[in-house]
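Position 1 is the first residue of the sequence, and the numbers go up from there. The analysis underlying the following values was restricted to heavy atoms, covering all of them including side chains, and did not include hydrogens, waters or symmetry mates.
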Amino acid sequence: MTSIAIVGAGPQLGLAIARTFGTQGYAVALVSRNSEKLDNLVSTLTTEGITAAAFPADVLDRDALAQALKDAAARFGGIDVLEYSPLGTFGQVVLTTPAASDYSHIQHEIEFQLYGAIAATKAVLPAMREAGTGTLLYTTGAGSLDPLPVVGNVNAAAAALRNWAVNLHKELDGTGIQAAHIGIDATIGTPTFYGQPCATADQISPVHWELHTTKRDHAEQIFKG
């Protein structure tokens, strides 16, 4: 059974990506730290006829993340697509401008965004190399390309993840494995964030499908609301 693992799965973009792939026959492995929310997502997808299972793990716990992805691969016979898009808890993430940032502000975001992505990738890439096929997708806000001072620490980490993902695409060229970055230049839902346009998750998730299917030669795609 073909499958996608969504790391950072939530009720908006994660659910939309799950539906986009699930309606194409993919089993969906949902990974995030909140077991209750994961169970709700699984219930929703199952009701819609999509095969889904929850694998709780915090991206900051590298061993737990690797085990969750290992368990998902065992459950579904492998992971064909990895999508990484964890989101910090609103109101708990410390936002700092570049000048006001202490190294610890940026380090936490680097741990969350870049290092988590690396850990997730290391958990699935060896099997993809052996199979000669696979897809690795990394989603950030568009601040990874055009940063906003008010979220300077988050944007710095997102830019690092973007750089790493695009470079990984170059490294994997010719292997049958696609790696790509998705930059979202929109706020999902309302209200809009610092003047960004608003979009629905269902409008964004087809970008992930396209990068997996028809645009495998693309290292990046930017969604503009």
**Study point:** side-chain contact (heavy atoms from CB on, under 4.5 Å) assessment of Leu95 paired with Val150
**Key:** CA-CA 7 Å; Leu95 303 177; Val150 71; 5.8 Å; no
TODO: Take the angle between the ring planes of Phe21 and His212 and call it parallel below 30°, perpendicular above 60°, tilted in between.
DONE: tilted
Item to complete: Evaluate side-chain contact (heavy atoms from CB on, under 4.5 Å) for Arg19 paired with Leu45, printing each intermediate quantity in order.
Response: CA-CA 7 Å; Arg19 284 173 169 149; Leu45 292 168; 3.9 Å; yes
Shortest non-hydrogen pair, Ala123 vs Leu69, comes out as CB-CD1, 3.8 Å
- Any side-chain heavy-atom pair of Thr133 and Asp80 under 4.5 Å: no
### Message
With a 4.5 Å cut-off on side-chain heavy-atom distances among I, L, V, M, F, W and Y, is there a chain of contacts connecting Val166 to Leu114?
### Response
no
*How about Ser144 and His181: do any of their side-chain heavy atoms sit closer than 4.5 Å?*
yes
One should read off an interatomic distance between Glu36 CD and Asp39 CG, to the nearest 0.5 angstrom, of 8.0 Å
Result for side chain to side chain contact (heavy atoms under 4.5 Å, CB included) between Gln107 and one of His105, Glu109, Glu111 points to Glu111
Distance col, row Asp202:CG vs Gln12:CD, nearest 0.5 angstrom, shows 10.0 Å
Looking only at heavy atoms, the pair that brings Met128 and Gly134 closest together is SD-CA, 3.8 Å
Worksheet item: Are Val124 and Met1 grouped together when hydrophobic residues (ILVMFWY) are joined by side-chain heavy atoms under 4.5 angstrom apart?
Response: yes
In terms of heavy-atom contacts, Ala57 and Ala68 come closest through CB-CB, 3.8 Å
Check your understanding: Under a 4.5 Å cut-off applied to non-hydrogen side-chain atoms, are Leu82 and Val7 in contact?
Key -> yes
**Study point:** Main-chain N/O of Thr96 paired with Asn153 side-chain donor or acceptor, under 3.5 Å
**Key:** yes
Rounded to the nearest 0.5 Å, the CD1 atom of Ile17 sits from the CD1 atom of Ile4 at a distance of 6.5 Å
Could you check whether any side-chain heavy atom of Arg33 comes within less than 4.5 Å of a side-chain heavy atom of Val31, counting everything from C-beta outward? no
Practice prompt. Please check if any side-chain donor atom of Asp71 sits under 3.5 Å from a side-chain acceptor atom of Gln67, or the reverse.
Written response: yes
Smallest heavy-atom separation, Ala18 atom then Ile6 atom, equals N-CD1, 3.6 Å
Q. Can you find a heavy atom in the side chain of Glu220 that is under 4.5 Å from one in the side chain of His169?
A. no
**Request:** Taking the side chain as every heavy atom from C-beta outward, state whether Thr139 and His208 have any atom pair closer than 4.5 Å.
**Result:** yes
Is the closest side-chain donor-acceptor distance between Asp102 and Ser104 under 3.5 Å?
yes
Rounded to the nearest 0.5 Å, the CH2 atom of Trp209 sits from the OH atom of Tyr26 at a distance of 4.5 Å
| said: Quick check: is Tyr138 connected to Leu145 through a chain of hydrophobic side chains (ILVMFWY, heavy atoms under 4.5 Å apart)? | reply: no
Would you mind reporting whether Thr121 and Trp164 have side-chain heavy atoms less than 4.5 Å apart? yes
Around Tyr115, counting heavy atoms of other residues, nucleotides and ligands shown, do more than 12 lie under 6.0 Å from its OH? no
Does any N or O in the side chain of Ser205 come within less than 3.5 Å of the main-chain N or O of Leu13, such that one atom is a donor and the other an acceptor? no
Note: Phe76 and Ser3 closest approach over all heavy atoms is CB-CB, 3.9 Å
Rounded to the nearest 0.5 Å, the CD1 atom of Ile50 sits from the CG atom of Leu15 at a distance of 8.0 Å
Problem - Under 3.5 Å: donor-acceptor pair, side chain of Gln178, backbone of Leu211 - result: yes
Heavy atoms of Asn155 and Pro147 approach each other most closely as OD1-CA, 3.2 Å
**Asked** side-chain contact (heavy atoms from CB on, under 4.5 Å) between Thr213 and Gln24: does it pass, once the steps are laid out?
**Response** CA-CA 11 Å; Thr213 55; Gln24 296 294 330; over 6 Å; no
Rounding to 0.5 Å, atoms CD1 (Ile118) and CG (Leu161) come to a distance of 8.5 Å
If you define the side chain from C-beta out and look only at heavy atoms, does anything of Lys170 sit under 4.5 Å from Asn167? yes
* Given side-chain contact (heavy atoms from CB on, under 4.5 Å), test Val59 with Phe112 step by step and report yes or no. => CA-CA 7 Å; Val59 299; Phe112 191 70; 3.6 Å; yes
